[in-house]
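Have a look at the structure below before the remarks.
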Amino acid sequence: MKDYVIIGSGIIGSLIAKELSKYQVDIMVLEKENDVVNGQTVANSAIIHAGYDLKPGTLKAKLCVKGNAMYDDLEKELSIPLLKTGGLVVAKNEKELDDLKRIYDQAIQNGIKGVSIINQETLRKKEPHLKSSLVAALDLPTTKVTFPWQVAMAALTFAKANGAQIKTNAKVTNITYQNGMFQVEINDEEWIETKHIISCAGVFSDHIARMIEGIMPYQILPRKGEYYVLDKRVKGLFQHVIYPLPNKKGKGVLIVPQTHGNILLGPTSTDISDKEDLSTTREGYQYIREEVIHLSDDIPFEEIIRSFAGVRAKSTYEDFYIKASKKYPSFYHVAGIDSPGLTAAPAIASYLIEHILDEKLVLKKHMNLEIQGFKLFHEHNDYDKKALIQSYPKHGHIVCKCECVTEQDIIDAISHPIGSDTIKGIKKRVRAGSGLCQGGYCEHLVLKIIARETNQDVTKINYASKNSNILNAIDEEI
Amino acid sequence: MKKDIVIIGGGAAGLAAALGAYDPSLDMLIIERGAMLGGILGQCIHHGFGLEVYKEELTGPEFANKLIQECHEKKIPYVLDTTVIDIEKKASFIILLSSIKDGLYHIEAKKVILTTGCYERTRGAIDIPGDRPKGIMPAGSAQRYLNMEGYLVGKNIFILGSGDIGLIMARRMTLEGAKVHGVADIMPYSNGLTRNIVQCLDDYQIPLYLSHTVTKIEGRERLERITINEVDQNYQPIIGTEKTFEVDTLLLSIGLIPDVKLFNHLKFDKHPITKSAIVNQHYESSIKGLYVCGNALHVHDLVDWVVIESKHCGSQAKMNLIHNQNDTLHKIDVIPKDHIRYVIPQLISFDEYSETIELKFRSTKKITEGTLEIIQHDRVIYSKKMKHVVPAEMKHVHLPFHMIQKDAPILVSMKEVCS
């Protein structure tokens, strides 16, 4: 029997698991995919927003501003990368200047620190590659960029090191309630008993909610966002997150420097009916290109190495829906977490625990604060490298040369407390295959290392999900 | 460790550069990241190599073995399983290497030749819309899995891009029992050699869809279906021309890009078309003492041309070392003009030992009959009639060095003869 079952291992579930694991409770995180942190958390802009575009007084506005500040502590606590880029919302003409002033007022109302409107000349100095015709910008110094996968992964690793159980390939297929206990059915075959459920199932949270609620408090309206990724050779071309003025559909198409040096262009914003539709579209590609050239004439489109799409869990409730179920008060909805969900995530976790959970929690006497991260060999200083390579000679073998990943980095990722044995899982953990050649050179090497380390035949190694093996034996009869 | 010449990459270009640079008095080293010499030739088990260099038709491994044998005979030193992590230019080059056997270590070199080959363009570079399942990969990766490891990546295949690798793989996958449903190319012509279209597609009744591209990819986990459309003159899909294919694999043969990773400390002038170094007639880059040749410089049609170019590059690096030519030489630009996509070299240096200049170029379009003109000071200094010039085939001409004057750029232009 569990005290808490957390459904979903994205950024929300992970950070809730991390916070809860500090208390004397028994936790289990359920993830339907074969790897943790596999949905919206790995397909978004990676921005820690300031919160300028949010309606004052909403939970979104409060938790965004609070969450933004909490990332500075998370940076140390979880050793996560945090780029203090600052953000610039740019006005294209005099007409837009009025709108800029309006969001300035809104930013002040939301309690964002350090905001100011800067003129054309200052903007030009800050970002020489922006269009010279832009008239002014709202300067948002608290805007930052992180690596969302790593935040969630570090949080889960912390939770696991402090007793939380993490179960992948565990799709919740039913929930029943009797005698003060929930029975959570997994994959139509297994039952887990728990006192509480926290649902952070992203775009599928309404699906989970429907298992227990009579009247649905919200509906998920999935919205797709497509992106382009520019190679990290472009590092430094833009220093800030560049926003156009927000429109009805959201923040618009942005220019976002990433922690690994790449630059993202996007997202689009399209309402879709199929929650699992992660396809990119010709229209999407066109839209990003058309929009982003209003911001800069210097976008190096020839440096595009990849495109992807993510689905945001927008809801009919509009604000974040973080409430106990009226029908079953020990079931907690953490739903409708679209933008600024990543930013608000740490604040959502503490808000849930401090204000929503109907239980007095007692802190653990001993906490394990040392967690195993994913620091790559090349990220160490020269002195540490010498020592590491002596103990682990396989650091001498560069497997992915685009991202400088060693064989030992890959072995460590496979055997990590939350390891993986898929090509995509390893790519997420150590970036092998994320670079210029997109795995053209290293995929076969990674595949063989996984097979060797996990004692599997190479034909059993999957690209990502179950049944996505890359290699087939040649039929002998042919 | 100090070396006179270090060659980075032990494929065809690296081996040939070493042979070209060979001199018993010079201290050389070839650095290869793989487990054996020969590079990509090892996976090119089809024949068709060697007619220019060895005057006989060889398979890739046979061609590689000949080069390796020659290097062995000359006892040219090499290291395997070793990756170059960084290069820094000081008085000489400081190269940081890594291997399991020796860990991290530095070597110093007077001259460096980059023969790192090229990498394959991926889906991300060409905006193919749709899902992102497993089953989409560069044709060269599939070739490696099949010819080096002995595994098929799929049973029902479609190939986008009719470059030579795509064509060769269409035949190879068919021979191993897979069904190749077709090959599409966005261009109205194939970028592969004519003999490959005949021997790899026609002979196996594999359809070639010219002026077509992939417009949709379907399949959440594994590839299930692709759609192709015909494209108009601006390469935009024409609505209503959709054809779908139930396939589990889409191989991409959509181009190769020189693999000259810009090391942190080493940034040479690059050419926007070749995406590699700007070089002079000795294949020396804007960084003195750093040479680039083979597919790392520009993508060749045939390994024979790679070998000829790289031998020349090696010999020039040696000459430079012997002549100890350290002064900055006067240079002029070589500029591609009408119907010329790029010319190698992009610069001509005025030294004391050059006799002829080899100019290599590709056209921007198919030219049935034309005249190549080399112009300096608005005067044609060299012209040559050429037939059947296509972008897929690299052309070259030799120009006597004394014809060129020091004081103006030379222009390379192709005049189309209207029939």
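Quantities reported herein were computed from a predicted structural model and do not represent experimental measurements. So you know, we letter chains A, B, ... as the sequences are listed, proteins then strands, and number each from 1.
- For a residue to count as touching a neighbouring chain, one of its non-hydrogen atoms must lie under 4.5 Å from one of that chain's; by this rule E276(A) touches chain B with backbone and side chain alike.
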Requested in this report: Report the C-alpha separation of L160(B) and I126(B) in whole Å, then their side-chain angles, then the decisive distance to 0.1 Å, and conclude whether the side chain to side chain contact (heavy atoms under 4.5 Å, CB included) test is met.
Outcome: CA-CA 11 Å; L160(B) 177 61; I126(B) 60 161; 3.9 Å; yes
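- Note: R144(B) leads E120(B), K275(B), E221(B), R144(B) in heavy-atom pairs under 4.5 Å with chain A.
- Side-chain contact check for H298(B) and Y342(B): at least one donor-acceptor pair (N or O, by modelled atom type) lies under 3.5 Å.
- Chain B forms the most heavy-atom pairs under 4.5 Å with one residue out of P393(A), G439(A), C402(A), and that residue is P393(A).
- Of the listed residues (M137(B), R123(B), E149(B)), the one with the most heavy-atom contacts under 4.5 Å to chain A is E149(B).
- Looking only at heavy-atom pairs under 4.5 Å with chain B, the residue among I470(A), T406(A), I423(A) that has the most is I470(A).
- No more than 12 heavy-atom neighbours from other residues, nucleotides or ligands sit within 6.0 angstrom of OH on Y392(A).
- Highest contact tally toward chain B, considering only Q438(A), H395(A), E302(A), E226(A), is held by Q438(A) [criterion: heavy-atom pairs under 4.5 Å].
- The number of heavy-atom neighbours closer than 6.0 Å to CE of M148(B), taken from other residues, nucleotides and ligands shown, is above 12.
- Looking at every heavy atom in both residues, N229(B) comes nearest to I238(B) through ND2-O, 2.9 Å.
- With respect to chain A, the highest number of heavy-atom pairs below 4.5 Å among D81(B), I128(B), L223(B) belongs to I128(B).
- Looking at H378(A), there are no atoms closer than 4.5 Å to chain B (heavy atoms on both sides), in backbone or side chain.
- In terms of heavy-atom pairs under 4.5 angstrom with chain A, the leader among D127(B), T122(B), V84(B) is D127(B).
- In this structure, R220(B) pairs ionically with D274(A), as a charged nitrogen and a carboxylate oxygen lie closer than 4.0 Å.
- For D231(A), no part lies near chain B; criterion is any non-hydrogen pair under 4.5 Å.
- At a 4.5 Å heavy-atom cutoff, the contact between T459(A) and chain B is made by side-chain atoms alone.
- Other residues, nucleotides and ligands contribute at most 12 non-hydrogen atoms within 6.0 Å of the NZ atom of K460(A).
- With Q390(A) contributing its side chain and K385(A) its backbone, the two residues share no donor-acceptor pair below 3.5 Å.
- Counting non-hydrogen atoms of other residues, nucleotides and ligands closer than 6.0 Å to NZ of K216(B) gives a total of 12 or fewer.
- Looking at E407(A), the atoms closer than 4.5 Å to chain B (heavy atoms on both sides) all sit in the side chain, from C-beta outward.
- With a threshold of 4.5 angstrom between heavy atoms, S307(A) approaches chain B through N, CA, C or O but not through any side-chain atom.
- Residue L436(A) touches chain B through both its backbone and its side chain, counting heavy-atom pairs closer than 4.5 Å.
- For the set V458(A), L447(A), D382(A), N467(A), the count of heavy-atom pairs under 4.5 angstrom toward chain B peaks at N467(A).
- The closest donor-acceptor contact from the side chain of N462(A) to the backbone of N469(A) lies under 3.5 Å.
- Residue K424(A) does not touch chain B at all, counting heavy-atom pairs closer than 4.5 Å.
- In this structure, chain A has a heavy atom under 4.5 Å from the side chain of P237(B), while its backbone stays farther away.
- In this structure, chain B has no heavy atom under 4.5 Å from any part of V229(A).
- Using a 4.5 Å cut-off between heavy atoms, I389(A) touches chain B through its side chain atoms alone.
- Considering every non-hydrogen atom in both L256(B) and C118(B), the closest pair reads CB-SG, 3.8 Å.
- A salt bridge is absent between R431(A) and D409(A); no separation between the charged side-chain nitrogens and carboxylate oxygens falls under 4.0 Å.
- Neither the backbone nor the side chain of D248(B) comes within less than 4.5 Å of any heavy atom in chain A.
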